[in-house]
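Reviewing the structure listed below.
We count ligands from 1, going down the list as the structure has it; atoms in each ligand are counted the same way. Numbers here are sequence positions counted from 1.
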Amino acid sequence: MATERTLSIIKPDATRRNLVGKIIAKLEDAGLRVVAMKRIHMTPAQAAAFYAVHKDRPFYQELVEQMSAAPVVVQVLEGENAIARNREVMGATNPAQAAEGTIRREFALSIGENSVHGSDSAETARQEIAFFFSETEIVG
Ligand code: CMP
């Protein structure tokens, strides 16, 4: 198994409800290590650029509004198979379909306000990490 890095975002619905610590505890319990972290308030332009891959989807506008409505916590997570492991602990995008014990099952409000984002592939992880962090900000 390979040590990987992935990008995690704790979304506005979760920062508003003061769930940052509880979510990070679940990530750490899953064997992931936080190697970079910051709390930021994204502008609509930043959120639009980050989610540009979804620009033709019907939920894009709402997604951009939600992601720029309040602060988020962006993190680089490191560990064995970190990309898949993070997605496993997050649970399915739709919290109604998320497995017991996952972050989204426990905390998400809806498919849009689903508490966390995680990179979906090695290539996406590289791009998403570089979107928020410089190499010197990542300290394993
Ligand atoms: P995320 O993993 O951040 O990736 C894209 C986001 O779009 C997703 O989580 C949801 O927050 C949001 N979204 C809203 N509606 C949908 C939908 N129908 N399908 C997928 N993602 C959606």
> If we only count N/O pairs under 3.5 Å, is Lys11 in contact with ligand 1?
Replying inline: yes
> Roughly how far apart are Glu28 CD and Leu77 CG, rounded to 0.5 Å?
Replying inline: 9.0 Å
> If you count the atoms of ligand 1 from 1 in the order shown, which ones are under 4.0 Å from a heavy atom of Asn114?
Replying inline: 8 (C), 9 (O), 10 (C), 11 (O)
> Considering Phe59, Phe50, Tyr51, which one's heavy-atom position lies nearest to atom 14 (C) of ligand 1?
Replying inline: Phe59
> Considering only heavy atoms from C-beta outward, does the side chain of Thr102 approach that of Lys26 to under 4.5 Å?
Replying inline: no
> Which is it for Leu27 and Val89 under the side-chain contact (heavy atoms from CB on, under 4.5 Å) test, yes or no, and what are the steps along the way?
Replying inline: CA-CA 7 Å; Leu27 298 171; Val89 69; 3.7 Å; yes
> Which residue supplies the protein heavy atom nearest to atom 5 (C) of ligand 1, what is that atom called, and how far is it?
Replying inline: His54 NE2, 3.5 Å
> Taking atom CG of Leu109 and atom NZ of Lys11, what is their separation to the nearest 0.5 Å?
Replying inline: 11.0 Å
>> Contact between Ile9 and Phe132 at the side-chain level, heavy atoms closer than 4.5 Å - yes or no?
In response: yes
>> For atom 6 (C) of ligand 1, tell me which residue out of Val53, Ile111, Val64, Leu63 has the closest non-hydrogen atom.
In response: Leu63
>> So, regarding Val116 and ligand 1 (criterion: nitrogen or oxygen to nitrogen or oxygen, under 3.5 Å), is there a contact or not?
In response: no
> Does ligand 1 have any atom sitting under 4.0 Å from a heavy atom of Arg104?
Replying inline: yes
> Looking only at N/O atoms, are His117 and ligand 1 under 3.5 Å apart anywhere?
Replying inline: yes
>> Does this structure show an ion pair linking Lys38 with Glu137, if we count only N-O contacts that are shorter than 4.0 Å?
In response: yes
>> Can you tell me if Met67 contacts ligand 1 (heavy atom of the residue under 4.0 Å from the ligand)?
In response: no
> Under the criterion side chain to side chain contact (heavy atoms under 4.5 Å, CB included), which of Met90, Arg17, Arg105 is the partner of Ser115?
Replying inline: Arg17
